[in-house]
Amino acid sequence: MSQQSLDGWTADEGSDQPDHCLSFTVRGPWGHFRRIEGNIVKQTYRIIPRTTVAGLLAAVLGIERDGYYDLFAPDTSAVAIEPVRKIRTVNMPMNTLSTAAGNLQSLNGRGKISVKLPDPTTLRQQHNYEVLVNPAYRIDVALADDQWYTELRETLSAGESHYVPSLGLSEYLADIEYHGEFDIEDGPRNDTIEVDSAVPNAVDDIVLDPGTRCQIEESPAFMQADSGGRTTTGFTNYAYSPDAESLEVSNASAASVDGRTVVFV
């Protein structure tokens with residue numbers, strides 16, 4: 001990956017907030033973002049994790065696996081996530097084949113190109129997946145790397161993607177609707193404000209309202225490559241409304257994007 005540049009990241013010296021971002025909505029009929037804990041029932045995160053957003057955009061750009069973590073590091077990227085549909089899940093049993101190395105067989109082993117697939121003659125294992133129904137999220141993303149930012153903007157505006165985008169599993173294909181490039185302006189500075197996006201790391205600042213449901217979940221936010229592939233280096237606690245409504249928050253450092261109030265992480 002090329003050396004990242006901080007040029008153009010902020011207009012104000014000393015500010016850690018980018019000047020502009022790209023905005024799009026990703027949606028699909030199904031989604032599954034497997035929680036790192038648990039094994040019997042494969043539960044899903046309700047809010048698409050920041051690391052999954054990074055992987056999705058890396059797929060759009062055609063960046064190889066384990067090759068994009070620096071691009072989405074805490075000091076070189078900013079991401080805001082807003083659920084735009086009511087969040088609903090169902091449990092779905094699935095019969096699967098093991099993809100462990102010892103259970104793969106080579107297809108066309110004598111040819112120049114060899115593809116390894118699970119042995120279809122072995123017994124299937126049934127797993128219960130918790131699956132999101134009709135998930136949809138509006139994503140605002142800023143990158144310090146001008147080259148990748150420009151390429152992402154051109155790819156999204158053209159409606160193209162290097163790899164097929166999906167929502168967690170390759171079977172759950174995703175549709176991406178690009179909204180455009182927007183300035184990031186300072187958000188409201190009132191004691192309490194209405195935030196449209198999921199609110200990161202502000203659990204104690206949520207103003208509870210009897211008429212608004214609020215839930216909390218922690219998910220991976222940052223990764224780095226290592227000798228074994230990758231390691232999660234940071235998590236984010238998100239407060240969000242499962243009904244895709246705004247939350248009232250005190251002491252929030254929010255931004256305004258396209259008339260919406262969001263919080264980046």
Side-chain angles (χ1 to χ4, degrees), residues 21-38 41-60 79-96 126-141 152 155-157 159-180 182 194-200 206 209 211-221 236-247 257-265:
C21 67
L22 307 177
S23 186
F24 64 93
T25 294
V26 57
R27 61 172 65 89
W30 305 102
H32 177 79
F33 313 118
R34 184 182 175 185
R35 299 182 68 95
I36 59 174
E37 69 273 18
V41 177
K42 300 183 184 304
Q43 295 179 309
T44 180
Y45 293 109
R46 268 56 174 173
I47 300 297
I48 180 171
R50 193 186 193 279
T51 50
T52 304
V53 173
L56 173 71
L57 295 177
V60 170
V79 176
I81 301 170
E82 176 187 349
V84 294
R85 281 183 187 156
K86 186 174 182 178
I87 297 174
R88 185 166 68 91
T89 64
V90 296
N91 288 329
M92 186 180 296
M94 298 184 192
N95 295 327
T96 62
Q126 188 169 84
H127 297 279
N128 289 317
Y129 281 76
E130 185 184 46
V131 177
L132 292 157
V133 182
N134 290 322
Y137 307 92
R138 179 155 178 177
I139 310 292
D140 303 300
V141 57
L152 180 61
T155 304
L156 289 175
S157 62
E160 298 176 346
S161 177
H162 191 92
Y163 297 107
V164 178
S166 63
L167 288 168
L169 296 179
S170 59
E171 298 91 334
Y172 299 156
L173 302 183
D175 174 64
I176 296 177
E177 179 186 3
Y178 179 59
H179 302 297
F182 299 95
E194 295 281 342
V195 177
D196 298 299
S197 69
V199 187
I206 302 298
D209 181 344
T212 303
R213 294 197 298 161
C214 176
Q215 295 181 349
I216 307 292
E217 74 176 9
E218 183 182 68
S219 60
T236 295
N237 276 298
Y238 281 109
Y240 65 96
S241 165
D243 300 314
E245 298 177 346
S246 60
L247 292 178
V257 176
D258 189 26
R260 301 152 42 242
T261 301
V262 302
V263 179
F264 286 93
V265 64

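Since this is a predicted model, take the numbers as computed values, not measurements. Atoms considered below: every heavy atom in the structure, side chains included; atoms not considered: hydrogens, waters and symmetry mates.
- Without hydrogens or angle criteria, D209 side chain to G211 main chain gives a donor-acceptor distance under 3.5 Å.
- Among R85, E82, H179, the single residue meeting the side-chain hydrogen bond (donor to acceptor under 3.5 Å, both in side chains) criterion with T25 is H179.
- Remark: of the listed residues R35, R34, K42, R46, R46 is the sole one forming a salt bridge (Lys or Arg N to Asp or Glu O under 4.0 Å) with E130.
- Atom OH in Y178 sits 13.5 Å away from atom CD in E160 (nearest 0.5 Å).
- Between N237 atom CG and E218 atom CD the span is 4.5 Å, to the nearest 0.5 Å.
- In this structure, the side chains of S219 and I47 stay at 4.5 Å or more apart for every pair of heavy atoms.
- For the atom pair CD (Q126) and OG1 (T96), the distance works out to 9.0 Å, reported to the nearest 0.5 Å.
- Nearest heavy atom pair, residue P83 against residue A244, reads O-CB, 3.5 Å.
- From I81, atom CD1 reaches atom CZ of R50 across 8.0 Å, with rounding to the nearest 0.5 Å.
- Here the side chains of V141 and F24 are in contact, with some heavy-atom distance below 4.5 Å.
- Here the closest heavy-atom approach between residue F264 and residue C21 is recorded as CZ-SG, 4.3 Å.
- Looking at R260 and D140, a side-chain N of the basic residue comes within less than 4.0 Å of a carboxylate O on the acidic one, giving a salt bridge.
- Here the side chains of C214 and L247 are in contact, with some heavy-atom distance below 4.5 Å.
- Going from atom OH of Y45 over to atom OG1 of T52 covers 8.5 Å, rounded to the nearest 0.5 Å.
- Between W30 and Y172, the angle of the ring planes lies from 30° to 60°, which puts this pair in the tilted group.
- At a threshold of 4.5 Å between non-hydrogen side-chain atoms, the residues I176 and S161 do not count as touching.
- Using modelled atom types and a 3.5 Å distance limit, the side chains of S23 and R138 yield a donor-acceptor pair.
- No donor-acceptor pair under 3.5 Å is formed between the side chain of S241 and the backbone N or O of S246.
- In this structure, the side chains of N128 and N91 stay at 4.5 Å or more apart for every pair of heavy atoms.
- Remark: of the listed residues V79, V265, V262, V262 is the sole one forming a side chain to side chain contact (heavy atoms under 4.5 Å, CB included) with S197.
- No side-chain heavy atom of Y240 sits under 4.5 Å from any side-chain heavy atom of V199.
- Among all heavy-atom pairs drawn from V131 and G31, the shortest one is CG1-O, 3.5 Å.
- With a 4.5 Å cut-off on side-chain heavy atoms, V53 and Y137 do not count as touching.
- In this structure, the separation between CG on L57 and CG on L156 is 7.0 Å, given to the nearest 0.5 Å.
- Under the 4.5 Å side-chain criterion, counting only non-hydrogen atoms from C-beta, L56 is not in contact with I139.
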